[in-house]
There are 2 protein chains.
Amino acid sequence: MTTELPDVCEPRLNLRAPDVTDAVATAALLVDPIRASILRMLADGPVCVCEMAAALGARENNISNHLAKLRDAGLVHATRHETNARFLYYQRDEAVVAAARAALVDVLR
Amino acid sequence: MTTELPDVCEPRLNLRAPDVTDAVATAALLVDPIRASILRMLADGPVCVCEMAAALGARENNISNHLAKLRDAGLVHATRHETNARFLYYQRDEAVVAAARAALVDVLR
DNA sequence: GCGATGCCTCAGCCCTCCGTGAGATGTTCA
DNA sequence: TGAACATCTCACGGAGGGCTGAGGCATCGC
C-alpha cells in the first residue's frame, strides 16, 4: 500500500468500491452491547438464557430476542441440558464465528 | 474454555458481564456500509473525498458526514494535497485502527 | 394433574441514526 | 476580484432497531 499522496492533481475516478457486506452484517450484530456480551461470554463455554439475563441485568425475553438474531446468523445454536431439559444452553458455532471475524479483520487490515 | 455443559442443575448466577464497550464502539462505525467501505479503501493508501464519493456513488456531503464520525473516533485524519490544496486526502491512523481491530477480535475470539 | 419455571414469539412504542438540502469556509483559476 | 470547485456543518424528516408486555409452549417438582 502507498502511504504517499498521489502526484496528479486530477482525482482518480476509477477507484472501485470494496465489498464490505459480510463485515457490515457482522458489525450489525456486534453493535448491540447485549449481543456483543453474549458472544464474548460464549467464548468461555455454553451459557443458558437465564444465566445471561442475570449476568447482563436484562430480562429473559430481551435476551431471547437477541439470541434469535444470533441464531439466524448461524453464530450460535442451543442444546437442552441433559439432566434438566428446562435449561437451554447456547454455544457458538466456531466456524461461523471465525468467518465473521475474518470479514471484520479484512476491512480493518 | 469448556465446551461441556455444566453438571449442576442450578443456573450459575455468578457469571460476570464482559466489557465490550470498545468493540461496540468500533462496530457502530463499521455498521454503515459507507464507513466500512471508506476504512477498507484507506487500507490501500490516501483517498480524497471526491474520489470516495465517486467510487461509492454517494454525495460528497454524505461522505463528509461519515468522515466526521471516523475523525472523531481518531481512526482517520486529513491532509491537504501539496500542489492542489483544494483536495483533502484522508488516511488511517494505523495505531488506532489496530486497537479497534483488537477490540473486535477479542469479542469473537 | 397442576402450578411454577425457562424460554419463545409477536406487536407496539420510542429513540437513534442515515440521507438530504441549505448555508458557510477555504482554495484555485481566469 | 469573482466564479467555480472541494469540503464542512447543521437541522430536518423518515426509516430501522431495541425494550417491553402479553400470550403461548415445553419441562420439572409436588
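Every chain is numbered from 1, with letters handed out A, B, ... down the list of sequences.
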To the nearest Å, give me how far apart OH (Tyr89(A)) and P (dC7(C)) are. 8 Å
Among dT5(C), dT27(C), dC7(C), which is the nearest nucleotide to the side chain of Arg86(A)? dT5(C)
Atom CE of Met52(B) and atom C1' of dT7(D) are separated, to the nearest Å, by 12 Å
Quick test of your reading of the model: are Asp106(B) and Arg40(A) salt-bridged, counting only N-O distances below 4.0 Å? yes
For atom CZ of Phe87(A) and atom P of dC28(D), their distance in whole Å: 10 Å
Please confirm whether the backbone N or O of Asp22(A) pairs with a side-chain atom of Thr26(A), one donor and one acceptor, at under 3.5 Å? yes
Any donor-acceptor pair under 3.5 Å from Glu51(A) side chain to Arg12(B) backbone: yes
Please give, in whole Å, the distance from dG16(D) P to Leu29(A) CG? 17 Å
Return no unless some side-chain N or O of Arg80(B) is found under 4.0 Å from OP1 or OP2 of dT28(C). no
Report the distance from atom CZ of Arg59(A) to atom P of dG6(C), rounded to the nearest whole Å. 16 Å
Can you measure Leu56(A) atom CG to dG18(D) atom C1' for me and round it to whole angstrom units? 15 Å
Could you measure the distance from the CD atom of Glu82(B) to the CZ atom of Phe87(B)? Nearest 0.5 Å is fine. 13.0 Å
Record whether the side chain of Asn61(B) comes under 3.5 Å of the base of dG21(C) through a donor-acceptor pair of N or O atoms. yes
Side chain to side chain contact (heavy atoms under 4.5 Å, CB included) between Met52(A) and Ile34(A), worked out: CA-CA 9 Å; Met52(A) 300 184 209; Ile34(A) 290 182; over 6 Å; no
Separation of dC28(D) atom P from Leu88(A) atom CG, nearest Å, is 12 Å
Closest-nucleotide 5' rank along DNA chain D - winner of Cys50(B) and Ala58(A): Cys50(B)
Contact list for residues 66-77 of chain B, test side-chain hydrogen bond (donor to acceptor under 3.5 Å, both in side chains), sequence neighbours left out: Arg35(B)-His66(B), Asn62(B)-His66(B), Arg71(B)-Tyr90(B)
Polar pairs (N or O, both sides) under 3.5 Å between protein and nucleotides 14-18 of chain C?
from	atom 1	to	atom 2	distance (Å)
dC18(C)	OP1	Arg35(B)	NH1	3.1
dC18(C)	OP1	Arg35(B)	NH2	2.6
dC18(C)	OP2	Lys69(B)	NZ	2.4

Value in whole Å for how far the P atom of dT20(C) lies from CG of Asn65(B): 11 Å
Report yes if at least one side-chain N or O of Tyr90(A) is closer than 4.0 Å to OP1 or OP2 of dC8(C); otherwise report no. yes
Starting from Val107(B), can I reach Val31(B) by hopping between I/L/V/M/F/W/Y residues whose side chains sit under 4.5 Å apart? no
So for Asn84(A) and dT5(C), does any side-chain atom that can act as donor or acceptor lie under 3.5 Å from a complementary atom in the base? no
